Student: 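Questions regarding the structure given below will be posed in turn.
This one's a predicted model, so the numbers in the text were calculated from it and none came from an experiment. Here is how names work: the chains are called A, B, and so on, in the same order as the sequence lines, proteins then strands, and each is numbered from 1. Note that these values count all heavy atoms, side chains included, but never hydrogens, waters or copies made by symmetry.
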Amino acid sequence: MRQSRIFLPTLKESPSDAEVASHKLMLRAGLIRKVAAGIYNLLPVGLRVIRNVETVVRREMKRAGAEEVLMPSVLPAELWKESGRWDFYGKELLRLKDRHGRDFCLGPTHEEIVTDMVRYEVRSYKQLPLNLYQIQTKFRDEIRPRFGLMRGREFIMKDAYSFHATDECANAEYQSMHDAYSRIFEGCGLEFRAVEAEAGNIGGSFSHEFMVLADTGEDAVVSCTTCNYAANVERAEIRQPKDEVLSKENLPTIEKISTPNKKTIEEVSEFLGLSKAELVKTLIYEFKKDKDEKGLVAVLLRGDQDLNEAKLMRVLEANEVTLATDALITEVTNAPTGFAGPVGVSISVYADFGVRELSSCVVGGNEVDIHLKNVVPERDFKAKYFDLRIATEGDLCPKCDGVFELRRGIEVGHIFKLGTKYSESMGAKFLDENGKEKPMIMGCYGIGIGRIAAAAIEQNHDENGIIWPFQLAPFKVHIVLVNIKDEESVRVGTELYEAFTEKGLEPLLDDRKERAGVKFNDADLLGLPVRIVIGPKTLAEGSVEVKERISKEASLVKVKDAVGEVLSLLKL
RNA sequence: CGGGGCGUAGCGCAGUCCGGUAGCGCACCGCGUUCGGGACGCGGGGGUCGGAGGUUCAAAUCCUCUCGCCCCGACCA
């Protein structure tokens with residue numbers, strides 16, 4: 001492609017609403033432009049990158065035996081009502097009505113529609129297993145879209161769905177997808193980690209996320225420093241220290257202390273001159289189980305630790321947990337928010353293991369402006385103890401003797417063992433070899449295509465611009481003509497351009513009427529793997545300059561050796 | 001949805017407090033010089049100041065409403 005003709009608008013300054021490197025660079029290098037919050041145009045060069053990601057994904061999906069389909073992006077509400085998610089999915093589901101007033105939504109994911117597609121056609125175990133995937137535009141009306149393609153509302157996703165007759169078969173497919181995903185992210189030149197994850201809205205029995213490690217990642221993951229256990233902090237289990245028999249003898253008795261208007265952990269710890277770990281916070285939670293069964297619990301955590309709501313939900317076997325309203329808290333504790341405590345409350349008390357490790361602590365007094373000190377767990381209140389907190393640096397690994405380290409990651413892929421959640425609710429059944437009707441066992445496997453591109457930039461850039469991994473690079477070789485008025489330069493440039501094209505290497509020829517400095521800066525911004533500079537200065541000796549984007553040094557190479565040199569640099 | 005902030009030329013911003021000819025840098029167009037790391041000179045084009053109402057002789061500026069965008073939080077494949 002000739003740069004004088006391509007639609008590639010680069011920017012010297014980044015628009016003020018871009019925060020992270022990938023977003024800024026995608027705008028500056030002319031890959032994307034914003035249309036609305038979380039909605040982008042993909043410009044030619046941006047599209048090329050997306051296509052390259054898709055190529056890697058298709059190659060590995062094919063290799064893993066999956067078949068490509070394409071489902072619609074506008075979906076009828078009835079399917080969503082059938083699975084129960086029409087009411088459950090919340091505002092993230094963008095709902096619309098057609099001219100007849102019928103309900104539709106823009107597809108945020110396609111479990112319902114794919115299950116619907118398969119249930120009418122598959123009758124027998126002989127037709128299973130199946131793995132169908134698509135690469136398609138999704139829409140999720142995110143509360144807060146941000147960071148460009150990293151968290152858009154409209155985005156391109158590869159989503160695959162598998163159907164199986166047996167659990168073993170489904171598990172094998174899960175593993176096969178796990179392997180395929182690893183090859184995909186390797187194929188995209190990314191440093192990543194597969195971690196155990198929460199299944200969230202999609203549901204299912206277990207799941208893994210594929211995280212590209214980057215400081216700007218939105219997710220936190222812990223990984224064990226000694227074994228290979230790694231998990232999203234939302235998921236990570238924490239091993240409890242050995243039960244030491246804490247002496248509960250000879251401890252001072254409870255004492256009421258006045259803490260006027262000191263409500264938060266920060267305020268109380270500062271006021272009393274105690275560390276946060278010596279305080280215990282009491283959260284009043286409302287929970288819902290199936291069939292409108294509701295209840296309230298008090299949840300205790302050490303002041304320096306945070307609740308993991310997913311763990312609480314599991315312990316309570318609840319579908320939904322929400323922090324109680326101020327009014328409810330007052331009703332239950334007889335005190336305004338900020339003074340709740342476990343001593344003498346009427347509702348059941350669930351506590352994180354971390355609380356039991358304290359010999360005594362400070363808690364809310366269930367009375368205005370009062371806290372209690374010298375409160376001894378077990379002696380002064382009863383609670384059921386569980387692992388309820390969010391894992392963090394230094395927590396103990398559940399699989400070995402190690403401890404966790406904390407890293408940030410960008411979730412680029414997520415695989416789920418769904419089980420029969422959708423096949424049961426939607427009646428996707430088959431006859432097994434004994435003629436017995438059973439629900440299909442399902443899995444689903446997603447990859448954020450645009451997010452991979454963004455993650456690749458997060459992981460591979462410097463102060464001058466992008467440094468594309470070879471596989472994703474929109475062009476592979478950048479041929480820069482320093483002076484387009486020099487006929488010899490143009491001749492050699494064109495010759496090399498044709499030679500690379502013949503090798504299938506997709507060169508970009510900078511034949512613009514610009515000064516050299518402008519071209520060099522644009523080349524660094526755009527970040528193609530190899531740059532060849534052609535100008536009268538080196539051409540006088542029959543040489544051109546060859547430089548990899550990652551390296552600082554350029555080398556002079558004879559014109560006739562240029563193609564070979566580039567191929568060897570790229571290890572092709 | 002709660003808290004904070006911002007909408008002025010394609011991009012980055014000043015002007016708003018204190019009403020009185022709409023500005024600066026980059027980008028763009030023309031001419032000339034320059035030409036291997038974001039050149040310089042001269043000349044030029046481009047704005048319903050997010051929108052609607054109001055106050056006023058006069059509104060980018062003051063008042064009311066509204067729309068959009070960004071950040072933090074809660075939430076989320």
Side-chain angles (χ1 to χ4, degrees), chain A residues 9-20 23-24 27-28 30 33-39 85 88-93 107-111 138-148 150-153 155-160 197-204 207-211 218-219 232 234 306-307 309-310 320-323 410-416 418 444-451 464-465 480-486 489 510 512-525 531-540 543-545 547 552 554 556:
Chain A
T10 58
L11 259 24
K12 269 192 201 176
E13 292 170 289
S14 27
S16 58
D17 52 8
E19 281 280 307
V20 298
H23 188 194
K24 286 182 188 165
L27 288 164
R28 289 227 291 134
R33 285 294 183 266
K34 184 168 75 172
V35 175
I39 299 176
R85 280 158 117 197
F88 229 38
Y89 212 93
K91 288 190 186 158
E92 220 177 299
L93 188 63
T109 177
H110 283 68
E111 283 80 10
K138 301 275 187 263
F139 194 95
R140 292 184 192 169
D141 202 355
E142 292 280 347
I143 294 169
R144 192 145 91 80
R146 57 185 140 182
F147 303 153
M150 200 102 102
R151 176 174 290 267
R153 292 194 291 174
F155 57 100
I156 301 170
M157 178 167 164
K158 189 281 313 184
D159 47 326
E198 276 301 325
N201 239 341
I202 304 290
S207 86
H208 281 85
E209 286 168 332
F210 289 78
M211 296 283 191
E218 292 190 273
D219 289 284
N232 192 309
E234 293 168 4
D306 293 311
L307 176 67
E309 290 189 353
E320 198 184 328
V321 294
T322 42
L323 217 38
I410 300 164
E411 180 193 351
V412 289
H414 200 156
I415 59 179
F416 304 80
L418 290 177
C444 87
Y445 320 93
I447 287 183
I449 301 289
R451 202 179 263 190
N464 296 320
V480 177
L481 301 179
V482 164
N483 183 352
I484 59 163
K485 284 181 190 154
D486 179 57
S489 296
D510 193 348
R512 292 175 301 166
K513 185 171 174 276
E514 286 288 351
R515 298 167 61 84
V518 172
K519 295 187 177 190
F520 292 147
N521 282 302
D522 273 349
D524 286 346
L525 220 207
R531 188 186 78 187
I532 299 180
V533 176
I534 300 174
K537 214 166 78 181
T538 59
L539 227 40
S543 299
V544 295
E545 181 189 300
K547 178 181 164 298
K552 297 260 177 274
L556 284 180

Student: A:Arg531: which residues meet the salt bridge (Lys or Arg N to Asp or Glu O under 4.0 Å) condition with it, sequence neighbours left out?
Tutor: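 Residues passing salt bridge (Lys or Arg N to Asp or Glu O under 4.0 Å) with A:Arg531: A:Asp524, A:Glu545.
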
Student: Rounded to the nearest Å, what distance is computed from the NE2 atom of residue A:His208 to the P atom of nucleotide B:A77?
Tutor: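 After rounding, the gap between these two atoms is 17 Å.
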
Student: Please report the distance, rounded to the nearest Å, between CG in A:Leu27 and P in B:G10.
Tutor: 17 Å

Student: Mind checking the CD1-CD1 spacing from A:Ile447 to A:Ile156? Nearest 0.5 Å is all I need.
Tutor: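 A:Ile447 atom CD1 to A:Ile156 atom CD1 measures 13.5 Å (nearest 0.5 Å).
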
Student: Check salt bridge (Lys or Arg N to Asp or Glu O under 4.0 Å) between A:Arg151 and all other residues, then give those that pass, not counting sequence neighbours.
Tutor: A:Glu142, A:Glu218

Student: Looking at B:U61, which nucleotide sits across from it as a Watson-Crick or G-U wobble partner, both distances under 3.5 angstrom, or is there none?
Tutor: none

Student: If B:A22 has a Watson-Crick or G-U wobble mate with both distances under 3.5 Å, name it; if not, just say none.
Tutor: none

Student: Would you check if the side chain of A:Arg140 reaches a backbone N or O of A:Leu93 as a donor-acceptor pair within less than 3.5 Å?
Tutor: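 Checked: no pair found.
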
Student: Is there a Watson-Crick or G-U wobble partner for B:C35 with both distances under 3.5 Å, and which nucleotide is it?
Tutor: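 Looking at the geometry, B:C35 pairs with no nucleotide.
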
Student: When the C1' atoms of B:G20 and B:U56 are compared, how many Å lie between them, rounded to an integer?
Tutor: 12 Å

Student: Can you list everything that forms a side-chain hydrogen bond (donor to acceptor under 3.5 Å, both in side chains) with A:Asp510? Sequence neighbours excluded, please.
Tutor: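 A:Asp510 satisfies side-chain hydrogen bond (donor to acceptor under 3.5 Å, both in side chains) with A:Arg512 once adjacent residues are dropped.
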
Student: Applying a 4.0 Å non-hydrogen cut-off, can you work out what A:Glu209 is touching in the nucleic acid: base, sugar-phosphate, or nothing?
Tutor: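 Here A:Glu209 touches no strand at all.
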
Student: When both hydrogen-bonding distances must be under 3.5 Å and the geometry is Watson-Crick or G-U wobble, what is B:A74 paired with, if anything?
Tutor: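 Here B:A74 is not engaged in any pair, so there is no nucleotide opposite it.
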
Student: Expressed as a whole number of Å, how far does the P atom of B:G7 sit from that of B:C63?
Tutor: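 Their P atoms lie roughly 15 Å apart.
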
Student: Using the C1' atom in both, what is the distance from B:A27 to B:G12, to the nearest Å?
Tutor: 11 Å

Student: Do nucleotides 34-41 of chain B as a string where each nucleotide becomes B, S or -: B if the base has a protein heavy atom under 4.0 Å, S if just the sugar-phosphate does, - if no protein is that close.
Tutor: BBBBBB--

Student: Report the residues that fulfil ring pair (Phe, Tyr, Trp, His ring centres under 6.0 Å) with A:Phe210, sequence neighbours left out, ordered by chain and then residue number.
Tutor: A:His178, A:Tyr181, A:Phe185

Student: Quick test: give all pairs of protein nitrogen or oxygen and nucleotides 66-70 of chain B nitrogen or oxygen below 3.5 Å, distance rounded to 0.1 Å.
Tutor:
residue	atom	partner	partner atom	Å
B:C69	OP1	A:Ala37	N	3.1
B:C69	O3'	A:Lys34	NZ	3.1

Student: About how many Å separate CG of A:Asp17 and CG of A:Leu27, when rounded to the nearest 0.5 Å?
Tutor: 7.5 Å

Student: Taking the same atom, C1', in B:G51 and in B:C28, what whole-Å distance lies between them?
Tutor: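 Pairwise C1' distance, B:G51 against B:C28, rounds to 28 Å.
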
Student: B:G36 and B:G43: how far apart are their P atoms, nearest whole angstrom?
Tutor: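 My reading of the P atoms in B:G36 and B:G43 gives 28 Å.
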
Student: Return the pairing partner of B:U56 with a 3.5 Å limit on both distances, Watson-Crick or G-U wobble; otherwise return none.
Tutor: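 No nucleotide pairs with B:U56.
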
Student: Determine if A:Phe155 stacks with B:A77; use a centre-to-centre distance below 5.5 Å and an interplanar angle below 30° as the criteria.
Tutor: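 Answer is yes, a stack.
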
Student: Between B:A60 and B:A9, how far is it from one C1' atom to the other, in whole Å?
Tutor: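 Those two atoms are separated by 14 Å.
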
Student: List in chain and number order the residues that pass salt bridge (Lys or Arg N to Asp or Glu O under 4.0 Å) with A:Asp141, two or more places apart in sequence or in another chain; answer none if no residue qualifies.
Tutor: A:Arg153

Student: What integer distance in Å separates A:Ile415:CD1 from B:A77:C1'?
Tutor: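 The answer, rounded to whole Å, is 13 Å.
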
Student: Could you tell me whether A:Glu309 contacts a base, only the sugar-phosphate backbone, or nothing, with contacts defined as non-hydrogen atoms closer than 4.0 Å?
Tutor: sugar-phosphate

Student: With both distances under 3.5 Å as the test, what is the Watson-Crick or G-U wobble partner of B:G7?
Tutor: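 WC or wobble partner is B:C67.
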
Student: Nearest-Å distance, CZ (A:Arg140) to P (B:A77)?
Tutor: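 A:Arg140 atom CZ is separated from B:A77 atom P by 8 Å.
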
Student: Grab the CZ-P distance between A:Arg85 and B:A77 for me, whole Å please.
Tutor: 10 Å

Student: A:Asn483: which residues meet the side-chain hydrogen bond (donor to acceptor under 3.5 Å, both in side chains) condition with it, sequence neighbours left out?
Tutor: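 For A:Asn483 there are no side-chain hydrogen bond (donor to acceptor under 3.5 Å, both in side chains) partners, ignoring immediate neighbours.
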
Student: What about A:Glu13, does its side chain sit under 3.5 Å from the base of B:G10 through a donor-acceptor pair?
Tutor: no

Student: Taking B:G50 as the reference, what is the distance to B:C17 when you measure between their P atoms (whole Å, please)?
Tutor: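 Between the two P atoms, the distance is 15 Å.
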
Student: Could you check how far CG of A:Asp306 sits from C1' of B:G73, rounded to whole Å?
Tutor: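 About 13 Å, once rounded to whole Å.
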
Student: Taking atom P of B:A77 as reference, at what distance in whole Å does atom CG of A:Leu418 sit?
Tutor: 13 Å

Student: My understanding is that only residues two or more places apart in sequence, or in another chain, count here; which of them pass salt bridge (Lys or Arg N to Asp or Glu O under 4.0 Å) with A:Lys138?
Tutor: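 Once residues adjacent in sequence are excluded, the partners of A:Lys138 under the salt bridge (Lys or Arg N to Asp or Glu O under 4.0 Å) criterion are A:Asp159.
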
Student: Rounded to whole Å, how long is the line connecting atom CG of A:Asp141 with atom P of B:C75?
Tutor: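 After rounding, the reported distance stands at 18 Å.
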
Student: Should B:C28 form a Watson-Crick or G-U wobble pair with both distances under 3.5 Å, which nucleotide is its partner?
Tutor: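 With both distances under 3.5 Å, B:C28 matches B:G44.
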
Student: Between A:Ile484 and A:Lys513, does the side-chain contact (heavy atoms from CB on, under 4.5 Å) criterion hold? Intermediate values first, please.
Tutor: CA-CA 7 Å; A:Ile484 59 163; A:Lys513 185 171 174 276; 3.9 Å; yes

Student: Sticking with atom C1', work out how far B:G53 lies from B:C69, rounded to a whole angstrom.
Tutor: 23 Å

